[in-house]
Every structure is written in C-alpha cells, then in structure tokens.
Amino acid sequence: MPEGHTIHALAARLERAFSGRVVAASSPQGRFAADAARLDGHELHGARAHGKHLFVDIGPATLHVHLGLIGSFPVRPAPGGVVPAPLPTVRLRLETDAHYADLRGPMTCTLVDAEREREIVGTLGPDPLRKRQRPERARQRISKSRKGIGELLMDQSVVAGVGNVYRCEVLHRQAVDPLTAGRDLSPDAWTALWDDLVLLMPLGAAFSQILTMPDQVEAARRLRRSGRARAVTESLTGERLGDHFERRFLVYKRTGLACPRCAATVQDRTVAGRTLYWCPACQVRR
DNA sequence: TATATATGGATAA
DNA sequence: TATCCCTATATAA
C-alpha cells in the first residue's frame with residue numbers, strides 16, 4: 001500500500017517507537033542477516049522519508065528501504081516485551097522491550113553512507129510531503145515534455161511520492177485530462193495539481209489512508225483542525241486503531257461506473273505501466 | 001490448488 | 001514494451 005504518504009507516516013512511527021533507544025535487529029528470512037548484525041544493539045537516532053524512500057539511522061549506519069509495490073513495515077506495540085514469532089518472510093525485525101517492526105517484501109533494503117543517500121535524494125523531484133519544496137522545478141520538467149501529465153506524475157524524478165492512486169485521483173479532482181502533454185499543460189493547472197497534492201498527501205499520512213473524496217477530505221481536515229484526530233496505530237495483532245474512513249475513490253478502480261462529477265463512464269488504460277483510471281468527459285486539457 | 005492482482009521500479013530488449 | 005523481483009490476498013477452478 002505504499003505511496004509517499006505511507007513512507008512518511010512510517011518514518012514518524014519508527015521515530016516515535018524507537019528514537020533514542022537501543023534496538024535489537026535480526027533477519028529471520030536470512031537475506032539481510034549480515035547487515036542486521038551490524039545494526040544489532042545500536043541506538044536508533046532517527047528516520048526520514050524522501051518520496052517513497054525511507055532512511056533510518058541506527059548506530060553508525062543508515063538503513064535504506066524502498067517498499068516497492070508489495071512491501072510492508074508495520075510498527076507494533078510489544079507490551080511487556082512479548083512479541084509474536086516472525087513470519088519466515090521477515091527480512092528485518094527491529095525490536096525493543098516496548099515495540100517491534102517487521103519489514104516484509106521490500107524492493108530495497110541496504111545500508112548506505114551519507115554520500116549514497118544524497119545521490120538517491122538527488123534523483124528525486126519535489127515531494128509534496130516535505131517543507132520548502134520547489135514545485136517550480138517540476139513545472140520546468142513538465143513544460144518541456146511531450147509525455148502526458150498522467151505519465152509524468154508517476155515519474156519520481158519529476159514529483160516524488162505520487163503513485164497510481166494519487167495520480168488518478170488528483171487529475172480527476174482538478175479535472176485535468178491525463179493525456180494532456182506536459183508542454184500543453186498550463187502553469188495554473190500544474191499549480192492546482194501541486195497544491196492539491198500538498199493538501200491531500202498529509203491527510204493520507206495522518207490517517208494512514210488515501211483520502212480524496214471531497215466529503216471525506218473535509219471531514220478529515222475538520223478532525224485535524226479540531227485537534228481531536230486520533231492517530232492511526234496498529235495493535236499487537238495488526239488491528240487498526242484510531243480514525244479511519246470508508247474506502248472510496250473518485251475514479252480509481254471504478255472502470256465502467258459513473259463519474260461522480262458528470263456521470264459519464266469511467267475508463268481505464270495502461271499508462272506508465274500502470275492502470276490509469278479517468279473520466280474522459282469532464283477531465284479536459286487545461 | 002492455481003491464478004490474478006496490487007498504492008513500484010529496475011533492467012533487458 | 002516485456003520481464004523480473006518481492007509478498008499477501010482475493011477469486012477462480
């Protein structure tokens with residue numbers, strides 16, 4: 001389930017559970033055993049996300065994780081130090097007497113130095129979930145491209161952290177035709193897309209759920225502003241606690257159903273190797 | 001039991 | 001564009 005919001009929420013959860021603490025590290029699955037041994041028994045200093053990349057400082061090393069399409073890294077409480085035996089697929093388990101976190105199915109899990117981290121971050125476009133970003137840099141890239149905006153939004157060197165759901169949904173929210181060539185997209189349309197991502201993605205991180213339906217976005221914003229939002233956490237068994245919303249989208253996975261704005265039929269088509277969903281009637285060149 | 005699919009991305013061709 | 005990697009889950013057979 002990982003788009004950028006998932007990774008930013010994960011970094012925050014890792015910090016809350018482990019920052020300033022000595023962690024035990026192991027690799028039940030075995031493929032990360034030698035590196036896990038280097039982390040084992042060291043203090044975790046911090047964690048940060050850049051787009052879909054996660055970096056965790058443990059002792060003298062930095063752990064670099066990319067969850068890919070199917071990875072997960074749940075952080076759970078371990079009251080009294082009681083933790084379940086890891087599934088055999090767990091690449092890396094981090095553990096204290098209060099929490100444990102199991103990394104499964106990552107696309108990338110390696111130790112990196114500061115130089116390599118800078119290299120990786122250097123390949124990424126602006127990230128709507130980070131402060132002091134320069135969306136203008138993305139607009140420059142987009143304005144020179146003949147590729148469609150639906151394809152460009154999936155390019156992490158253009159914008160970092162957007163995945164297939166946010167791409168489909170933000171294009172629908174801003175009524176932009178995904179097939180519009182980057183060079184034909186107006187600066188105003190790009191600004192609207194960026195600003196919407198800056199609104200939506202932090203809500204996704206806060207509620208551990210992609211929220212794009214206008215009523216849900218409004219409700220989530222009110223909850224946050226009121227300060228009464230209950231953070232989403234997982235129990236020992238993985239049960240989801242805290243505020244969450246019914247799973248609903250504007251166009252994502254809604255092929256053949258009515259567009260919620262104009263009632264035309266939602267279409268799909270493969271763009272950038274993934275299934276793009278959009279309304280061919282009300283999403284237009286802007 | 002087998003197959004398809006998934007909120008990703010690298011690499012081969 | 002096709003293939004591969006990584007894992008879990010839903011659906012088909």
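Below, read A as the first sequence line, B as the second, and so on, with proteins coming before strands; counting in each chain starts at 1.
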Trainee: From the list B/dT7, C/dT7, B/dG8, which nucleotide is the closest neighbour of the side chain of A/I70?
Mentor: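 Nearest listed nucleotide: C/dT7.
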
Trainee: Rounding to an integer number of Å, can you tell me how far A/H53 NE2 sits from B/dA10 P?
Mentor: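 Those two atoms, NE2 and P, are 7 Å apart.
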
Trainee: In this structure, how many angstroms lie between the P atom of B/dT7 and the CG atom of A/L200, rounded?
Mentor: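 Atom CG in A/L200 sits about 18 Å away from atom P in B/dT7.
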
Trainee: When you check the phosphate oxygens OP1 and OP2 of B/dT7, does a side-chain N or O of A/H5 lie under 4.0 Å from one of them?
Mentor: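 Checking B/dT7 against A/H5, no side-chain N or O comes under 4.0 Å of OP1 or OP2.
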
Trainee: Separation of A/F73 atom CZ from C/dC6 atom P, in whole Å?
Mentor: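 Distance check: A/F73 CZ to C/dC6 P gives 18 Å.
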
Trainee: For C/dA8 and A/T89 - does any side-chain N or O of the residue sit under 4.0 Å from the phosphate oxygens OP1/OP2?
Mentor: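 The answer is yes; a side-chain N or O of A/T89 sits under 4.0 Å from OP1 or OP2.
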
Trainee: Could you tell me the separation between the CG atom of A/L67 and the P atom of C/dC6, rounded to a whole number of Å?
Mentor: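 So the two atoms are 15 Å apart, to the nearest Å.
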
Trainee: Between A/Q29 and C/dT7, is there a contact of a side-chain N or O with OP1 or OP2 at under 4.0 Å?
Mentor: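 Yes, A/Q29 has a side-chain N/O under 4.0 Å of OP1/OP2 on C/dT7.
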
Trainee: Quantified in whole Å, what is the P atom distance between nucleotide C/dC5 and nucleotide B/dA13?
Mentor: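 Each nucleotide's P atom is 14 Å from the other's.
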
Trainee: Pick the P atom in C/dT3 and in B/dT5, then give their distance to the nearest Å.
Mentor: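 That atom pair is separated by 15 Å.
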
Trainee: Quick one: label A/L103 by what it contacts on the DNA or RNA (base, sugar-phosphate, nothing), any heavy atom closer than 4.0 Å.
Mentor: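 A/L103: no heavy atom of the nucleic acid under 4.0 Å.
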
Trainee: Does the side chain of A/E246 reach to within under 4.5 Å of the side chain of A/M213, using non-hydrogen atoms?
Mentor: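 Side chain of A/E246 against side chain of A/M213, heavy atoms only: no contact under 4.5 Å found.
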
Trainee: Report yes if a side-chain nitrogen or oxygen of A/Y166 is closer than 4.0 Å to either non-bridging phosphate oxygen (OP1 or OP2) of B/dT7; otherwise report no.
Mentor: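 It does not, given that no N or O in the side chain of A/Y166 lies less than 4.0 Å from OP1 or OP2 of B/dT7.
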
Trainee: Could you check which nucleotide pairs with B/dT7 in any of the strands shown, counting Watson-Crick or G-U wobble with both distances under 3.5 Å?
Mentor: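 Looking at the geometry, B/dT7 pairs with no nucleotide.
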
Trainee: Would you indicate which nucleotide in C/dC6, B/dT7, B/dG9 comes nearest to any side-chain atom of A/I210?
Mentor: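 Looking only at side-chain atoms, A/I210 lies closest to B/dT7.
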
Trainee: Does the distance from a Lys or Arg side-chain N to an Asp or Glu carboxylate O, for A/R173 and A/D196, drop under 4.0 Å?
Mentor: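 Looking at A/D196 together with A/R173, the answer is yes, because their closest N to O distance falls below 4.0 Å.
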
Trainee: Counting only distance, no hydrogens or angles, is the base of C/dT1 paired donor-acceptor with the side chain of A/R274 under 3.5 Å?
Mentor: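 When only heavy-atom distances are counted, A/R274 does not reach the base of C/dT1 through any donor-acceptor pair under 3.5 Å.
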
Trainee: Do the side chains of A/R91 and A/D102 get close enough for a salt bridge, i.e. N-O under 4.0 angstrom?
Mentor: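 Looking at A/D102 together with A/R91, the answer is no, because their closest N to O distance does not fall below 4.0 Å.
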
Trainee: Please confirm whether the shortest side-chain N or O distance from A/Q156 to OP1 or OP2 of B/dG8 is below 4.0 Å.
Mentor: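 No, no such contact exists.
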
Trainee: Separation of A/I120 atom CD1 from B/dG8 atom P, in whole Å?
Mentor: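 Computing the A/I120:CD1 to B/dG8:P distance gives 18 Å.
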
Trainee: Below 4.0 angstrom from OP1 or OP2 of B/dA6, is there any side-chain N or O of A/K253?
Mentor: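 Indeed, a polar side-chain atom of A/K253 lies that close.
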
Trainee: Roughly how many Å is it from CZ in A/R247 to P in B/dT7, rounded to a whole number?
Mentor: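 Atom-to-atom, A/R247 to B/dT7, this comes out as 9 Å.
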
Trainee: Which part of the nucleic acid, if any, lies within contact of A/R31, taking any heavy atom under 4.0 Å across all strands shown: a base, the sugar-phosphate backbone alone, or nothing?
Mentor: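 Touches sugar-phosphate only.
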
Trainee: Does a nitrogen or oxygen in the side chain of A/R91 sit under 4.0 Å from OP1 or OP2 of C/dC6?
Mentor: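 False: A/R91 side-chain N/O out of range (4.0 Å or more) of C/dC6 OP1/OP2.
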
Trainee: Tell me the interatomic distance from A/R254, atom CZ, to B/dT7, atom C1', rounded to whole angstroms.
Mentor: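 Going from CZ in A/R254 over to C1' in B/dT7 covers 17 Å.
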
Trainee: For the pair made of CG in A/N164 and P in B/dG8, what is the distance, rounded to whole Å?
Mentor: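 That distance rounds to 6 Å.
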
Trainee: Answer yes or no: does a side-chain N or O of A/R104 lie under 4.0 Å from OP1 or OP2 of C/dC6?
Mentor: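 Result: no.
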
Trainee: Can any side-chain N or O of A/T96 pair as donor or acceptor with the backbone N or O of A/A98 at less than 3.5 Å?
Mentor: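 Yes; at least one donor-acceptor contact below 3.5 Å.
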
Trainee: Hey, can you tell me if A/F55 and A/H50 have their rings parallel, tilted or perpendicular (30° and 60° cut-offs)?
Mentor: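 The rings of A/F55 and A/H50 stand perpendicular, inter-plane angle above 60°.
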
Trainee: After noting the C-alpha distance and the side-chain angles of A/Y166 and A/H5, does the key distance pass the ring-ring contact (aromatic ring centres under 6.0 Å, His included) rule?
Mentor: CA-CA 10 Å; A/Y166 278 119; A/H5 69 296; 5.4 Å; yes

